[in-house]
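The structure appears below as structure tokens.
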There are 2 protein chains.
Amino acid sequence: MAQPRYQQIADDIRRRIASGVLPPGAPLSSETEMVVEYGAARETIRKAIATLRAEGLISTAKARGSFVRPRWPIRRLGADRYKVETRQRDEQPAEKATSFTKDQGIDWSAYTMDKDFTEVPADERLAELLQVAVGTPLLRRHFVFRSHGVPQQISTSYLLLDMVGGTPVADPTNEPWPGGNIAQLATLGITVDQVREQVRTRMPTLDEARTLGIGESVPVLTITRTMLAAGRPVEAAVDIVLPGDRVELDYVIDLGSP
Amino acid sequence: MAQPRYQQIADDIRRRIASGVLPPGAPLSSETEMVVEYGAARETIRKAIATLRAEGLISTAKARGSFVRPRWPIRRLGADRYKVETRQRDEQPAEKATSFTKDQGIDWSAYTMDKDFTEVPADERLAELLQVAVGTPLLRRHFVFRSHGVPQQISTSYLLLDMVGGTPVADPTNEPWPGGNIAQLATLGITVDQVREQVRTRMPTLDEARTLGIGESVPVLTITRTMLAAGRPVEAAVDIVLPGDRVELDYVIDLGSP
DNA sequence: CAGTGGTCTAGACCACGCT
DNA sequence: GCGTGGTCTAGACCACTGT
């Protein structure tokens with residue numbers, strides 16, 4: 001036994017998916033059919049299927065069957081997406097909006113959001129990110145971005161209540177706001193000049209998987225984002241959650257000796 | 001059956017790991033022991049164990065037993081890791097090396113690598129990244145970086161053979177090279193002034209999971225990196241694979257209006 | 001109601017590590 | 001040689017989906 005039987009079977013199915021014999025969305029043979037096709041016990045077949053599911057190649061549905069997982073087009077979040085936000089404010093009509101939307105050839109009007117604005121005190125982590133005392137009142141804004149009904153991003157953003165309380169920024173009905181956070185802060189006279197992003201990956205929670213419309217075996221990218229104005233943190237987004245099968249983050253690092 | 005038996009068993013073991021009853025490195029009961037302890041069939045026990053292994057909580061060793069996996073600290077790959085590489089070349093002793101290593105408080109001497117240097121013609125993707133014709137001869141360098149024996153990174157880097165053929169850079173015995181790629185290219189008179197990173201996430205292949213020592217359901221971060229000198233691509237790394245449970249990527253985006 | 005994937009059992013043989 | 005985890009089999013019952 002050079003290779004376990006279940007891996008040979010998984011390899012065979014993987015090959016047929018890669019070659020297009022089994023296109024996205026196509027049903028696999030049922031387990032009982034595979035028992036005959038491969039001449040193996042059902043549990044052996046199931047182990048092969050489990051391998052492929054863990055890789056995210058297929059999904060299984062109770063009482064319905066196993067299917068090749070559809071592949072989504074990649075959405076690129078460009079390194080310049082924030083720069084465009086600032087430039088657009090001065091030079092371009094608002095409808096053109098940010099590269100966040102431009103990348104997909106759509107504008108903000110195609111976006112729908114779930115919004116949830118609340119006031120919360122800063123916990124330890126937020127206090128450190130925003131460089132304020134624990135307990136400082138914050139405006140917590142929770143968003144689910146959708147484009148043409150397809151969920152694209154979950155994010156939870158925090159702003160200093162001192163800074164935005166009573167302003168249009170704190171009014172949920174103004175969302176979605178063309179130009180995003182940076183444009184919003186600009187209306188308050190705050191010029192964001194630096195954005196820091198800390199990128200990690202993990203498996204989604206059950207809720208996140210449902211909200212983003214991804215399988216439980218599709219990882220997510222998470223970003224902790226801090227916006228700085230004159231070296232001072234003015235906004236923190238602790239858990240921007242992006243579906244890992246549809247997103248690519250694009251960064252450019254300039255090394256010109258300063 | 002509110003919850004499957006194997007999940008109850010997995011939960012029980014998970015709880016004992018979380019609470020410290022089973023500390024990192026501790027052996028679990030053997031499967032045959034668990035059959036008695038939990039009063040379940042061995043395959044049911046094995047499914048519980050498989051769940052925990054996939055989560056990266058435990059590791060199993062043939063003929064030795066199952067053990068609680070030690071947890072590794074998060075390694076931060078800073079936004080300035082490339083800048084440090086260039087600065088270090090001029091101002092610091094080579095032993096201090098890059099922030100890639102500095103972040104962990106270790107130096108290059110703690111690194112061991114698997115190296116594999118070959119010559120390959122550019123395929124379509126590489127040709128586009130490096131802006132050369134398809135078929136252009138490239139030097140392909142495959143690395144597995146380890147720090148104190150712990151796998152940290154798999155990468156495959158491509159350089160123009162025209163540029164590096166016959167130089168010390170093309171000699172595997174010179175690896176690991178303090179200061180990394182940028183220092184290497186500097187010795188050839190090439191000054192890298194821009195680095196582009198495209199970040200994605202996906203599930204690891206079985207091979208990658210084994211090489212990186214992560215569970216099969218621990219996602220990986222992948223980076224496609226391009227190094228540019230005077231606007232021209234000089235190096236491309238198509239698939240830098242990082243273990244998602246112990247890496248954070250840190251980027252800073254400057255918005256100073258140019 | 002027939003067919004599906006999900007769970008579970010009680011066996012079996014194997015390669016491998018330890019002592 | 002004994003105990004370990006890895007693989008595999010041939011059954012069984014269940015909850016659920018589709019028609």
Side-chain angles (χ1 to χ4, degrees), chain A residues 1-14 17 22 25-70 206 209-210 215-217, chain B residues 1-14 17 22 25-69 205-207 209-211 213-217:
Chain A
M1 191 193 305
Q3 244 197 336
R5 190 89 181 86
Y6 75 89
Q7 256 187 49
Q8 294 175 27
I9 295 171
D11 285 346
D12 181 66
I13 299 172
R14 202 184 286 108
I17 292 174
L22 287 170
L28 273 61
S29 309
S30 79
E31 293 177 357
T32 44
E33 283 169 349
M34 288 195 200
V35 166
V36 181
E37 291 172 21
Y38 291 105
R42 187 171 161 227
E43 283 296 330
T44 304
I45 301 290
R46 279 181 60 73
K47 189 149 189 187
I49 288 177
T51 303
L52 299 171
R53 191 183 38 215
E55 290 170 7
L57 279 175
I58 66 171
S59 62
T60 56
K62 205 178 182 177
R64 296 211 307 119
S66 302
F67 304 87
V68 180
R69 194 189 278 290
L206 208 54
R210 276 199 274 257
E216 287 171 47
S217 61
Chain B
M1 192 191 307
Q3 246 199 331
R5 189 89 181 88
Y6 75 90
Q7 257 187 46
Q8 295 174 25
I9 296 171
D11 285 347
D12 182 66
I13 299 172
R14 204 184 285 109
I17 292 174
L22 288 170
L28 273 60
S29 308
S30 79
E31 294 176 358
T32 44
E33 283 168 350
M34 288 195 199
V35 166
V36 180
E37 289 172 22
Y38 291 105
R42 187 172 164 228
E43 282 297 328
T44 305
I45 300 291
R46 280 183 60 72
K47 189 149 189 187
I49 289 177
T51 304
L52 298 170
R53 187 185 42 215
E55 290 170 6
L57 278 175
I58 67 172
S59 63
T60 56
K62 204 180 189 176
R64 297 211 305 119
S66 301
F67 304 86
V68 179
R69 191 193 282 287
T205 65
L206 208 53
D207 263 1
R210 279 200 267 255
T211 301
I214 58 179
E216 288 167 42
S217 64

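Proteins come first, then strands; the chains are lettered A, B, ... in the order of their sequence lines, and each starts at number 1. Values below: all heavy atoms of this structure, side chains included; hydrogens, waters and symmetry mates excluded.
The interatomic distance linking B/Tyr6 (OH) with C/dT9 (C1') rounds to 16 Å, in whole Å. Protein atom CG of B/Leu28 is 9 Å distant from nucleotide atom P of D/dG5, rounded to whole Å. Atom CD of B/Glu33 and atom C1' of D/dT4 are 10 Å apart (whole Å). Distance, B/Met34 CE to D/dG3 P: 18 Å, rounded to whole Å. Counting to the nearest Å, the P atom of D/dT9 and the CZ atom of A/Arg5 are 8 Å from each other.
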_One character per nucleotide, please: for nucleotides 13-19 of chain D, 5' to 3', B when the base has a protein heavy atom closer than 4.0 Å, S when only the sugar-phosphate does, - otherwise._
---BSS-
*Please walk me through it: do A/Ile17 and A/Ile58 pass side chain to side chain contact (heavy atoms under 4.5 Å, CB included)?*
CA-CA 9 Å; A/Ile17 292 174; A/Ile58 66 171; 3.8 Å; yes
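Applying the 4.0 Å criterion to OP1 and OP2 of C/dT4, one finds that A/Ser30 has a side-chain N or O inside that range. Put simply, A/Thr32 has a side-chain N or O that comes within less than 4.0 Å of OP1 or OP2 on C/dT4.
Remark: B/Glu33 pairs with no residue by the side-chain hydrogen bond (donor to acceptor under 3.5 Å, both in side chains) rule, at least two apart or across chains. A/Arg69 pairs by the salt bridge (charged side-chain N to carboxylate O under 4.0 Å, His left out) definition with nothing, not counting sequence neighbours. The side-chain hydrogen bond (donor to acceptor under 3.5 Å, both in side chains) search around A/Glu55 returns A/Arg14, not counting sequence neighbours. Under the rule for a salt bridge (charged side-chain N to carboxylate O under 4.0 Å, His left out), the partners of A/Arg42 that lie at least two apart in sequence or sit in another chain are A/Glu31.
In the set C/dT9, D/dG5, D/dT9, the nucleotide with an atom closest to the side chain of B/Ser66 is D/dG5.
In terms of heavy-atom proximity, A/Val35 sits nearest to A/Ala41 at CG2-C, 4.2 Å. Counting all heavy atoms, side chain and backbone alike, B/Thr44 lies closest to B/Tyr6 at O-CB, 3.6 Å. Nearest heavy atoms, B/Ala48 versus B/Ile9: CB-CG2, 3.8 Å.
No side-chain heavy atom of A/Val68 sits under 4.5 Å from any side-chain heavy atom of A/Leu57.
Residues of residues 43-56 of chain B having a heavy atom closer than 4.0 Å to DNA chain D, listed by number: B/Glu43, B/Arg46, B/Arg53.
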